[in-house]
Amino acid sequence: MTETPIPKTAKPCAEDYRRQHKLRLEHMPWLYFSLKAKHQQWAHPWQADLQCKLAALETVQFSEHCFLAPSATLFAEPGRDIIVGDRSSLAANCYLHGPIRLGKEVSINPNCRLEGGRAGIVIGDKTRIAAGCNMYAFNHGLQADTPIKDQPVSSKGIRIGQDVWVGANTAITDGVTVGDHAVIGINSTVTRDVPAYAIVAGSPARVIGDRRTS
């Protein structure tokens, strides 16, 4: 029995490689900041064009050297601005609704959802938000005699400090402050403030360690 030969495919062209490289950057945006000079020649204009077009449509401000995945969705009405600090990145399929302020070198990884409510979300410098995280800076009332859809909406805001690592698929609720240098374990639900340097995990999250003694 003769085997059917596998058909040969055409050799990828430069545009094929560039398209694949763009896809890689969407999902691993940290690579954007260490591109070789030959890739910077197309990547920097590509990013400048994406960011300029979005800033013309929404009240979004990008500092220098940011990365924006084309599949990211940002909504920022007047008074609900989104400000992205220098060398910060927004990865594939993340969703941000202002008001949101990102410091310098903040990474929002794929499939994150940040809803700023009215009071907003603030994230400090060099903080890492891993894939699939959710932050909701608003809440509904819970009175038993009123349907949830008719409940008043409150918003206290969410504040996350500098050099924080928020593990994948973590949820952070309205009113929470996470101190500088804290670590939040994967799949956690954070419903109360996290002290600086604390390592927390669980649902609801509780302190399980300290970065200074780990």
Side-chain angles (χ1 to χ4, degrees), residues 22-35 43-44 46-48 50-55 57-77 80-117 119-138 157-174 176-190 194 200 205:
K22 286 181 177 180
L23 185 62
R24 177 178 285 104
L25 292 175
E26 275 203 72
H27 290 268
M28 294 178 280
W30 55 88
L31 298 176
Y32 177 76
F33 304 107
S34 58
L35 286 174
H44 289 179
W46 167 55
Q47 279 297 303
L50 281 174
Q51 294 169 31
C52 183
K53 287 179 177 177
L54 181 59
L57 297 171
E58 301 283 340
T59 54
V60 177
Q61 301 176 37
F62 291 98
S63 300
E64 295 184 358
H65 312 301
C66 295
F67 179 85
L68 172 68
S71 60
T73 300
L74 280 68
F75 294 123
E77 303 84 7
R80 302 187 70 164
D81 299 9
I82 295 176
I83 299 174
V84 183
D86 191 32
R87 297 181 66 84
S88 290
S89 59
L90 306 174
N93 303 311
C94 64
Y95 166 91
L96 283 74
H97 183 198
I100 294 172
R101 180 185 293 268
L102 307 181
K104 298 177 181 179
E105 299 182 67
V106 173
S107 65
I108 308 297
N109 280 290
N111 302 309
C112 290
R113 188 175 184 92
L114 279 63
E115 174 57 67
I121 297 172
V122 177
I123 300 178
D125 298 346
K126 299 183 179 181
T127 284
R128 296 291 180 263
I129 310 299
C133 290
N134 293 279
M135 301 181 194
Y136 294 97
F138 70 94
I158 293 172
R159 303 291 182 269
I160 298 178
Q162 301 181 33
D163 181 38
V164 173
W165 179 14
V166 180
N169 300 316
T170 286
I172 300 178
T173 61
D174 185 37
V176 166
T177 295
V178 178
D180 295 343
H181 316 295
V183 175
I184 300 173
I186 191 170
N187 290 324
S188 296
T189 302
V190 184
V194 176
V200 305

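Throughout, residue positions are numbered sequentially from 1 according to the sequence presented.
Here the side chains of Leu90 and Leu102 are in contact, with some heavy-atom distance below 4.5 Å. Inter-residue side-chain proximity for Met135 and Ile129 is flagged as met; some heavy-atom pair is nearer than 4.5 Å. Within the 4.5 Å cutoff, the side chain of Glu64 has heavy atoms near those of the Asp86 side chain. Looking only at side-chain heavy atoms (C-beta outward), Glu26 and Pro70 come within less than 4.5 Å of each other. In this structure the side chain of Ile160 reaches within 4.5 angstrom of the side chain of Ile172, judged on heavy atoms. In this structure, the side chains of Arg87 and Glu105 come closer than 4.5 Å at one or more pairs of heavy atoms.
For Asp174 (side chain) and Gly157 (main-chain N/O), a donor-acceptor pair under 3.5 Å exists by modelled atom type. When atom types are taken as modelled, the side chain of Gln51 and the backbone of Cys66 share a donor-acceptor pair closer than 3.5 angstrom. Judged purely by atom type and a 3.5 angstrom limit, Arg80 uses its side chain to pair as donor or acceptor with the backbone of Gly117. With hydrogens and angles ignored, the 3.5 Å screen pairs no side-chain donor or acceptor of Ser88 with any backbone N or O of Ser107. One N or O on the side chain of Ser63 and one on the backbone of Val84 form a donor-acceptor pair closer than 3.5 Å.
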*Check step by step if side-chain contact (heavy atoms from CB on, under 4.5 Å) holds for Arg24 and Tyr32.*
CA-CA 10 Å; Arg24 177 178 285 104; Tyr32 177 76; over 6 Å; no
*Show the numbers, then the answer: is there a side-chain contact (heavy atoms from CB on, under 4.5 Å) between Thr59 and Glu77?*
CA-CA 6 Å; Thr59 54; Glu77 303 84 7; 5.5 Å; no
*Yes or no on side-chain contact (heavy atoms from CB on, under 4.5 Å) for Phe67 and Trp30, after CA distance, side-chain angles and deciding distance?*
CA-CA 9 Å; Phe67 179 85; Trp30 55 88; over 6 Å; no
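When the shell of 6.0 Å around NZ of Lys53 is examined, it contains 12 or fewer heavy atoms from other residues, nucleotides or ligands. Residue Arg159 places its CZ atom among more than 12 non-hydrogen atoms of other residues, nucleotides or ligands, all under 6.0 Å distant.
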